[in-house]
There are 2 protein chains.
Amino acid sequence: MNARDLQIQASVTAEMVIFTIRSERLAVLLRRRDKTPYAGCWGLPGGRVHADETLEQAAVRQLAEKTGITGVYLEQLYTFGDPARDPRGRVIAVSYYALVPYNRLKVQAQPSELAWHRVDALPPLAFDHGKIVAMAQERLCAKLDYSTIALQFMPEKFTLSELQAVYESILGEALDKRNFRKRVQALDCLEDTGEQFRAGKHRPAKLFRLKTPGRVEIIK
Amino acid sequence: MNARDLQIQASVTAEMVIFTIRSERLAVLLRRRDKTPYAGCWGLPGGRVHADETLEQAAVRQLAEKTGITGVYLEQLYTFGDPARDPRGRVIAVSYYALVPYNRLKVQAQPSELAWHRVDALPPLAFDHGKIVAMAQERLCAKLDYSTIALQFMPEKFTLSELQAVYESILGEALDKRNFRKRVQALDCLEDTGEQFRAGKHRPAKLFRLKTPGRVEIIK
DNA sequence: CCAAGTTAGTGTCTTTCCAACACTATGTCA
DNA sequence: TGACATAGTGTTGGAAAGACACTAACTTGG
């Protein structure tokens with residue numbers, strides 16, 4: 001056996017961990033598999049990388065094809081390449097995670113093989129996808145502390161209470177309202193739209209928007 | 001053209017960014033290429049992933065084969081897969097970075113195609129290796145702030161002044177001696193060996209060692 | 001043997017950042 | 001118009017971080 005025999009020609013896939021906030025919970029989009037292996041099991045949306053595209057382009061394409069969503073935050077997470085992770089052969093999974101604003105959930109209207117699942121109550125997942133989701137959640141939590149990544153979950157206009165609810169959903173703990181607002185103001189990322197949001201029988205809230213919508217800043 | 005034609009069977013390589021501290025400077029190990037493309041050019045050590053090994057095993061093997069170094073800190077960095085990054089075909093580069101204590105530089109005795117280069121004075125590198133090194137350096141700098149990763153550069157026994165010099169090398173700025181020592185003590189990662197280190201005509205310094213040598217803690 | 005030179009090692013004070021905490025404002029609805 | 005619900009706002013105390021200068025211990029040379 002010469003060295004050549006040991007080298008691999010592998011399939012390369014982009015696997016997408018697509019997060020959003022639904023009903024005040026962090027949720028991830030899963031697809032029910034119709035083919036073996038793991039037929040009937042839930043797994044991450046994803047698919048093979050094409051010959052003429054970059055890894056990031058493949059990720060963007062997967063996101064668009066599977067969900068119709070474009071223009072959202074996307075970041076490479078990690079690459080999984082255990083020889084035994086797919087029984088069909090050597091498959092290198094380059095994982096990405098995406099953050100989808102919670103008013104853009106057109107996905108619900110899609111075929112029923114796609115569904116949102118709360119990350120704190122996931123079914124068993126195909127392949128090593130459980131590990132991938134866990135790592136994505138860890139990364140997301142860590143980034144809350146030192147970046148403005150959470151703003152990528154927000155729709156175009158939103159209230160500060162809504163934003164606080166998003167932070168609380170991801171962190172899984174309640175935050176002090178005044179301290180939260182102080183910190184957010186200090187970021188200098190939001191601007192008052194001048195509009196108000198009326199919900200229920202109480203004082204309406206100011207609506208804010210991002211000064212630079214796509215931008216994620218590193219803070220502290 | 002059907003979908004099959006668009007799918008790739010790619011080569012997968014592990015590319016190693018191997019850092020150390022030499023002469024108070026952050027340095028990276030490069031290999032001079034003898035084959036086309038980029039013959040004669042400096043590039044990262046690395047090579048193809050074998051069929052029966054995980055990505056991490058491939059990285060560990062590359063490190064051992066190229067440098068003889070084992071048992072050092074190693075972490076996956078990022079995966080580069082631009083279709084044009086290698087003129088010979090589609091090559092997916094899974095990059096890792098490693099931290100080598102600065103007394104373990106047996107590498108110098110190795111064939112001359114391997115050499116340490118200061119990261120602040122790199123030659124032009126083959127492929128996209130310049131981008132890979134830049135990203136590794138960025139990651140390393142970031143981790144200095146919120147982990148004990150810098151301790152992985154230290155030999156078994158070392159003085160606090162040596163440790164401070166390592167931090168200063170990586171950050172590229174001088175630190176206050178008293179504040180530095182205060183912070184290090186607070187980490188509670190070091191223990192006094194009871195031994196002293198005599199260098200030059202001045203007061204000898206205490207030698208410390210890591211309480212848990214391999215461990216990298218997340219702090220703050 | 002002692003004076004000069006060199007690095008090791010140590011504490012305080014000030015400033016800044018973070019956490020705890022409660023009330024008023026503005027709307028709806030009965 | 002009073003009850004109710006969420007929006008919005010400042011102050012204070014404690015902890016952590018940053019600025020800052022001197023003494024300790026050893027070597028070497030006169």
Side-chain angles (χ1 to χ4, degrees), chain A residues 21 23-24 102 141-142 144-148 150 154-155 157-169 171-209 217-220, chain B residues 21 23-24 102 141-142 144-148 150 154-155 157-169 171-209 217-220:
Chain A
I21 307 286
S23 318
E24 317 250 307
Y102 59 66
C141 270
L144 273 205
D145 275 342
Y146 65 89
S147 81
T148 60
M154 306 313 292
K157 299 170 186 177
F158 55 89
T159 71
L160 293 182
S161 295
E162 288 168 342
L163 181 59
Q164 183 174 345
V166 167
Y167 270 88
E168 290 175 337
S169 303
L171 293 173
E173 60 181 358
L175 301 175
D176 178 83
K177 192 201 274 193
R178 281 167 295 186
N179 291 337
F180 179 80
R181 288 172 184 234
K182 225 183 308 171
R183 253 188 304 133
V184 169
Q185 307 275 327
L187 294 179
D188 193 36
C189 284
L190 304 186
E191 61 186 8
D192 193 333
T193 62
E195 299 171 59
Q196 290 195 328
F197 178 68
R198 207 162 252 101
K201 48 177 185 174
H202 53 80
R203 177 174 177 174
K206 288 183 182 177
L207 283 168
F208 292 83
R209 75 164 74 87
E217 312 239 18
I218 303 300
I219 53 184
K220 267 187 299 185
Chain B
I21 309 284
S23 318
E24 316 250 307
Y102 60 64
C141 270
L144 273 204
D145 275 343
Y146 65 88
S147 82
T148 59
M154 307 312 291
K157 298 172 187 177
F158 54 90
T159 71
L160 294 182
S161 294
E162 288 168 343
L163 181 59
Q164 182 173 348
V166 167
Y167 270 87
E168 290 175 336
S169 303
L171 293 172
E173 61 182 358
L175 300 175
D176 179 83
K177 192 202 273 194
R178 281 168 293 188
N179 292 336
F180 178 79
R181 288 173 183 233
K182 227 183 306 171
R183 252 190 304 132
V184 168
Q185 306 277 328
L187 294 179
D188 193 35
C189 284
L190 303 187
E191 59 185 10
D192 193 335
T193 61
E195 299 171 59
Q196 290 195 327
F197 178 68
R198 207 163 254 102
K201 47 177 185 173
H202 53 79
R203 177 173 178 175
K206 288 184 182 176
L207 283 167
F208 292 83
R209 75 164 73 88
E217 311 241 15
I218 303 299
I219 52 182
K220 269 187 300 186

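Just so we're clear, the structure is a prediction, and the values are computed from it rather than from any experiment. Chain A is the first sequence line, chain B the second, and so forth, proteins listed ahead of strands; every chain is numbered from 1. Basis for what follows: all heavy atoms, side chains included, without hydrogens, waters or symmetry-related copies.
Taking the six-membered ring for Trp and thresholds of 30 and 60 degrees, A:Phe180 and A:Tyr167 have ring planes more than 60 degrees apart, a perpendicular arrangement.
Taking both residues in full, the closest heavy atoms of A:Met154 and A:Glu162 are given as CE-C, 4.0 Å, listed atom of the first, atom of the second, then distance. Counting all heavy atoms, side chain and backbone alike, A:Glu24 lies closest to A:Ser169 at O-OG, 2.9 Å. Closest approach of B:Thr148 to B:Ile219, counting heavy atoms only: CG2-CG2, 4.1 Å.
With hydrogens and angles disregarded, a donor-acceptor distance shorter than 3.5 Å links the side chain of B:Gln164 to the backbone of B:Leu175.
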(request) Report the C-alpha separation of B:Phe158 and B:Val166 in whole Å, then their side-chain angles, then the decisive distance to 0.1 Å, and conclude whether the side chain to side chain contact (heavy atoms under 4.5 Å, CB included) test is met. (result) CA-CA 11 Å; B:Phe158 54 90; B:Val166 167; over 6 Å; no
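Note that the first and last nucleotides of DNA chain C, 5' to 3', having any atom under 4.0 angstrom from a heavy atom of chain B are C:dG5 to C:dT12.
Between B:Gln185 and B:Leu160, the closest side-chain pair of non-hydrogen atoms falls below 4.5 Å. Using a 4.5 Å heavy-atom threshold, the side chains of B:Tyr146 and A:Asp145 count as separate.
Between the CD atom of A:Glu168 and the C1' atom of D:dT6 there is a distance of 14 Å, rounded to whole Å.
Residue contacts shown for A:Thr159 are absent, as no nucleic acid heavy atom lies under 4.0 Å away.
Non-hydrogen atoms lying under 4.0 Å from DNA chain D are contributed by A:Lys177, A:Arg178, A:Arg181, A:Lys182, all within residues 175-187 of chain A. In the region residues 193-202 of chain B, proximity to DNA chain D at under 4.0 angstrom, judged on heavy atoms, holds for B:Arg198, B:Gly200, B:Lys201, B:His202.
Screening B:Lys182, B:Lys177, B:Arg183 against B:Asn179 for a side chain to side chain donor-acceptor pair (under 3.5 Å) leaves a single residue, B:Lys182. Exactly one of B:Lys206, B:Arg209, B:Lys157 qualifies for a side chain to side chain donor-acceptor pair (under 3.5 Å) with B:Glu195. That residue is B:Lys157.
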